[in-house]
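Side chains included, hydrogens not; waters and symmetry mates left out as well; all remaining heavy atoms used. Please read all numbers here as calculations on a predicted model, not as lab measurements. Reminder, nothing fancy here: chain letters follow the sequence lines and each chain counts from 1.
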Amino acid sequence: MGRGYFFGGKMAAKHDADYKASDLYRIRHSAAHVMAEAVLEKFPEAKIAIGPPIADGFYYDFDLPRSLTPEDLEEIEGRMKEIIKGKFPFTREEISAEDAKKLFADQPYKLELIEGLEKGGLDEYGNPTDEKPIISTYKLDHFVDLCRGPHVANTGAINPNAIKLMNVSGAYWRGDEKRPMLQRIYGTAWEKPTELKDYLWKLEEAKKRDHRKLGKELDLYSINDEVGQGLILWHPKGAKIRKIIENFWSEEHEKSGYDFVYTPHIGKSQLWETSGHLGFYNENMYSPIDIEGTKYYIKPMNCPFHLYIYKSNTRSYRDLPIRYAEEGTVYRYERSGVLHGLTRVRGFTQDDAHHFCRPDQMPAEIDFVVEFSLSILRAFGFKDFQAYLSTKPEKSVGDPQLWHDAEEALEASLKRHNLPYEVDPGGGAFYGPKIDFKVNDAIGREWQLSTIQFDFNEPERFNISYIGEDGQSYRPYMIHRALLGSLERFFGVLIEHYGGAFPIWLAPIQAEIIPIADRHVDYANTIGAKLREQGMRVHVDSRSDRMNAKIRDAQNQKVPYMLVLGDQEMENNAVALRKRSGENLGAISLEALLTLWKGEVAEKV
RNA sequence: GCCCUCAUAGCUCAGUUGGCAGAGCGCAGUCUUGGUAAGACUGAGGUCAUGGGUUCAAAUCUCAUUGAGGGCUCCA
């Protein structure tokens, strides 16, 4: 999530088709070839792999005699620009597999791709395809590449001032960690230099919003080496925001018919055998703890506990639906290379819930949970959503009819809510279909948060049931869902979404009280106490710094309100309000301030 | 886990061919008492990530370990 592509994330299928037909796609694809020619000139012994266009540019993978340096990239980029100015045509040629093999005799990666094409079923990037394989090459200046195209007519169609090589990194051949590690050069290319400039500006903007940077600057959280990788320390300000999120979350759940439960952090190995996690989730679980000769595991999931709460009593069809919600803290082993700030961690708290319902309630239950998810996410300022529906994979458990009904209910609900969605056929977990929601943040990046998943596995394994109207025992539907995903990841996304300038209802400090001189500190404390009594989160800056410095600090801390207090305010029993927008509202009464504040908190702005 | 890069004060970073550890911010103290984005001075603060090696001498060269960053892979 958020990796690999800076913006746009994974593109929706229909957009993908548009993109592939676009001039930009040709430009990027062609730029990749130009780059390969430049690299081969510099390293004639280089082995070349593949070089496709991607969301914001292109890359090409090489097997090189040495690691590339930033200076190499500059040199290659410079040479690319020269090649582009040569206006060399791209000429396509269709050739036989034998000829292709001769042509690429000293290029082992290309030979492997040709074999894939020859056998059929794989395209020139080694991805599965149904198309009849035609082997074609594109020639550019001295460089001939195995390629399906399309390309620009000649390199003159590439604007040399709208391309830039970004970075070099390792990448496995064919994405397989058992195959050789190649060097991948990433580049970006646009039609116009202004578009390149905009893109680079956006990257800068994204850097400024990076939750790891803001987390430090705003003193929200930290990760400490000695504590451990991927484990979050929530500082007071971060914890305050979390508490507000949790309170809001609890109230909304309470109103919507959820019951809250609490469950332990460890459970016996038997529990995880029953649930099946020791089988299919083992590699994400930590080693067991021995307690009096019995093995206990730290929980990677909350569901087995919720199932036992369900099972603690005989359930009637009248009891359903049952909705158990818990902010459950789980620990999962993630490989060290994948950890990332707050968004990918080893210990996190899911805003988890499990729904149990009758078959006849299932479509309504799905509708409810979709609606509920959206209303929660909207409260945090997210407006655009993209839904992904993942259906039955080949290997699965559960009655195909149940799968079908569930998939239909999920899709129907997406349609009813007018949500843009994309189907990932066969992309579901083995135990049930699911919907994932991604949100677009303030600068258009996509983040995965909510997930709604059917489970046809655990109800069987735990043998849960309810008694129907006819006195017979039936198996309920079980749905897992997390709306925010995890509080850690959600917090990270929120920080980036708001760029650290949290709306007033979430701001850990809502007002910084700034006495102008020491003789105003008592008055500031009095005002502070009054506001605090009303529930406003205020802080009095009683340092002997100048007012300007205090305003600057409050501004950098992105505090929504700054209340400046001097002689005039003391005389009139008022406060001078400055907002972090820079707007100076002048002196207003406490009553006026409280009214404004209450309004803004209620509107969540 | 893999490839590349990196690790110096609480933070952001300098530190030349190996030769006494530096700045700004922050913090503490003193002065200043101010009107909407940085007032002045003084001071404290470091086992240069950790452990080996080379050298008369290592922050600097080298190896290993740990951690971080950009990717790959992974994220039922």
Side-chain angles (χ1 to χ4, degrees), chain A residues 1 3-6 59 61 63-64 66-70 166-186 207 210 212-213 216-217 219 222-230 275-277 279-284 300-301 332-341 343-346 390 393 395-397 427-432 434 436 448 451 453 455 457 480 485-486 489 514-521 543-557 562-569 576-580 582-587:
Chain A
M1 180 190 62
R3 291 181 313 277
Y5 307 104
F6 280 97
Y59 69 78
D61 287 346
D63 198 342
L64 298 174
R66 64 167 175 85
S67 297
L68 292 171
T69 62
M166 303 302 287
N167 60 334
V168 55
S169 68
Y172 298 109
W173 167 235
R174 295 222 154 149
D176 182 345
E177 59 186 313
K178 294 187 182 65
R179 308 297 299 270
M181 175 70 74
L182 307 174
Q183 293 191 64
R184 174 170 297 177
I185 305 177
Y186 282 98
K207 257 191 207 163
D210 190 318
R212 292 166 305 181
K213 179 173 175 283
K216 206 177 276 177
E217 286 172 6
D219 195 14
S222 63
I223 299 172
N224 182 287
D225 289 358
E226 202 162 325
V227 173
Q229 290 180 282
S275 70
H277 288 107
F280 68 82
Y281 204 68
N282 189 266
E283 57 188 33
N284 284 288
M301 307 251 175
R332 296 181 184 176
Y333 168 66
E334 301 281 1
R335 300 209 274 179
S336 54
V338 309
L339 299 173
H340 182 89
T343 57
R344 195 77 186 272
V345 295
R346 285 182 172 162
S390 304
K395 275 190 174 179
S396 63
V397 299
F430 74 89
Y431 52 75
K434 64 170 181 178
D436 292 323
Q448 192 195 321
T451 179
Q453 310 192 353
D455 192 332
N457 183 42
H480 305 256
S486 81
R489 173 178 291 179
I514 300 175
I516 290 177
D518 286 350
R519 63 174 182 279
H520 307 125
V521 170
R543 295 175 303 172
S544 71
D545 279 297
R546 292 185 59 202
M547 176 203 64
N548 294 30
K550 295 181 189 180
I551 287 178
R552 183 184 151 86
D553 286 348
Q555 197 75 47
N556 285 335
Q557 286 293 306
M562 282 153 260
L563 307 177
V564 178
L565 306 182
D567 291 337
Q568 295 162 32
E569 288 73 24
L577 173 62
R578 177 197 161 102
K579 290 190 166 189
R580 69 180 160 203
E583 197 183 355
N584 189 349
L585 301 184

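In this structure A/Asp210 satisfies the side chain to side chain donor-acceptor pair (under 3.5 Å) test together with A/Arg212, sequence neighbours excluded. Every residue two or more places apart in sequence or in another chain that forms a side chain to side chain donor-acceptor pair (under 3.5 Å) with A/Tyr281 is listed here: A/Arg332. Applying the side chain to side chain donor-acceptor pair (under 3.5 Å) test to A/Arg578 and every residue at least two apart in sequence or in another chain returns A/Gln555. Residues passing the side chain to side chain contact (heavy atoms under 4.5 Å, CB included) test with A/Arg179, sequence neighbours excluded: A/Glu112, A/Trp173, A/Asp176. For A/Gln453, the side chain to side chain donor-acceptor pair (under 3.5 Å) partners two or more places apart in sequence, or in a different chain, are A/Tyr431, A/Thr451.
As rounded to whole Å, 15 Å separates atom P of B/G69 from atom NZ of A/Lys213. To the nearest angstrom, C1' of B/C74 lies 20 Å from CZ of A/Arg174. Note: CZ (A/Phe280) to C1' (B/C74) measures 17 Å, nearest angstrom. Whole-Å rounding puts the A/Tyr186 OH to B/C4 P distance at 16 Å. Between the P atom of B/C3 and the CG atom of A/Asp63 lies a distance of 14 Å, rounded to the nearest Å. The CD atom of A/Glu283 sits 12 Å away from the C1' atom of B/G1 (whole-angstrom rounding). Whole-Å rounding puts the A/Gln453 CD to B/C75 C1' distance at 12 Å. Taking atom NZ of residue A/Lys216 and atom C1' of nucleotide B/G26, one finds them 14 Å apart after rounding to whole Å.
Residues A/Asp553 and A/Ala171 each lie close to RNA chain B; by heavy-atom proximity, the contact nearer the 5' end of the strand is made by A/Asp553.
With C1' as the reference atom, B/A21 and B/A14 are 11 Å apart, rounded to whole Å. For the P atoms, the distance from B/U17 to B/A64 is 25 Å, rounded to whole Å. One C1' atom belongs to B/G18, the other to B/U54, and the distance between them is 12 Å to the nearest Å. The gap from the C1' atom of B/A23 to that of B/C48 amounts to 16 Å, rounded to the nearest Å. Between the P atoms of B/U73 and B/C3, the separation comes to 15 Å (whole Å). With both ends at atom P, the span from B/U8 to B/U50 equals 10 Å, rounded to whole Å. B/C27 and B/C63 are spaced 39 Å apart, taking the C1' atom of each and rounding to whole Å. Rounded to a whole angstrom, the distance from the C1' atom of B/G71 to that of B/G29 is 49 Å.
The side chain of A/Lys178 contributes no N or O atom lying less than 4.0 Å from OP1 or OP2 of B/G1. Remark: A/Arg212 is in phosphate contact with B/G69, judged by side-chain N or O atoms under 4.0 Å from OP1 or OP2. For the OP1/OP2 pair of B/C74 and a distance below 4.0 Å, the side-chain nitrogens and oxygens of A/Tyr281 include no atom meeting the criterion. Checking the phosphate oxygens (OP1, OP2) of B/C75, no side-chain nitrogen or oxygen of A/His340 falls inside 4.0 Å.
Salt bridge status for A/Asp545 with A/Lys550: absent, with no side-chain N to carboxylate O gap under 4.0 Å.
Base-pair partner of B/A7: B/U66 (Watson-Crick or G-U wobble, both distances under 3.5 Å). The partner of B/C2, taking Watson-Crick or G-U wobble pairs whose two distances both stay under 3.5 Å, is B/G71. In this structure, B/G29 and B/C41 make a Watson-Crick or G-U wobble pair, each of the two defining distances being under 3.5 angstrom. Partner assigned to B/U12 is B/A23, using Watson-Crick or G-U wobble distances below 3.5 angstrom.
In the interface, the side chain of A/Arg332 is not paired with the base of B/C74 through any donor and acceptor atom under 3.5 Å apart. One N or O donor and one acceptor, one from the side chain of A/Tyr172 and one from the base of B/G1, sit under 3.5 Å apart.
Of the candidate nucleotides B/G70, B/A68, B/C2, B/A68 has the atom nearest to the side chain of A/Gln229.
Across all strands, A/Arg184 comes closer than 4.0 Å only to sugar-phosphate atoms, never to a base (heavy-atom distances). Within 4.0 Å of A/Gly337, counting heavy atoms only, lies at least one base atom of the nucleic acid.
Side-chain N/O atoms of A/Asn284 and A/His277 include no donor and acceptor closer than 3.5 Å.
The OG atom of A/Ser336 sits 5.5 Å away from atom CD of A/Gln229, with the distance rounded to the nearest 0.5 Å.
Between A/Glu217 and A/Asp219, every side-chain heavy-atom pair lies at or beyond the 4.5 Å cut-off.
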Each nucleotide N or O in nucleotides 30-40 of chain B that has a protein N or O under 3.5 Å away: list the pair and distance.
| residue | atom | partner | partner atom | Å |
| --- | --- | --- | --- | --- |
| B/U33 | O2' | A/Arg519 | NH1 | 3.1 |
| B/U33 | O2 | A/Asp518 | N | 2.7 |
| B/U33 | N3 | A/Asp518 | OD2 | 2.9 |
| B/U33 | O4 | A/Asp518 | OD2 | 2.4 |
| B/G34 | OP2 | A/Arg519 | NH2 | 3.1 |
| B/G34 | N7 | A/Ile516 | O | 2.2 |
| B/G34 | N7 | A/Ala517 | N | 3.4 |
| B/G35 | O6 | A/Asp567 | N | 3.0 |
| B/G35 | O6 | A/Gln568 | N | 3.1 |
| B/G35 | N1 | A/Glu569 | OE1 | 2.8 |
| B/G35 | N1 | A/Glu569 | OE2 | 3.3 |
| B/G35 | N2 | A/Glu569 | OE1 | 3.3 |
| B/G35 | N2 | A/Glu569 | OE2 | 2.5 |
| B/U36 | O2' | A/Arg578 | NH1 | 3.1 |
| B/A37 | N7 | A/Arg578 | NH2 | 3.2 |
| B/A38 | N7 | A/Arg552 | NE | 3.4 |
| B/A38 | N7 | A/Arg552 | NH1 | 3.1 |
| B/A38 | N7 | A/Arg552 | NH2 | 3.2 |
| B/A38 | N6 | A/Arg552 | NH2 | 2.4 |
| B/A38 | N1 | A/Arg552 | NH2 | 3.2 |
| B/G39 | OP2 | A/Arg546 | NH1 | 3.3 |

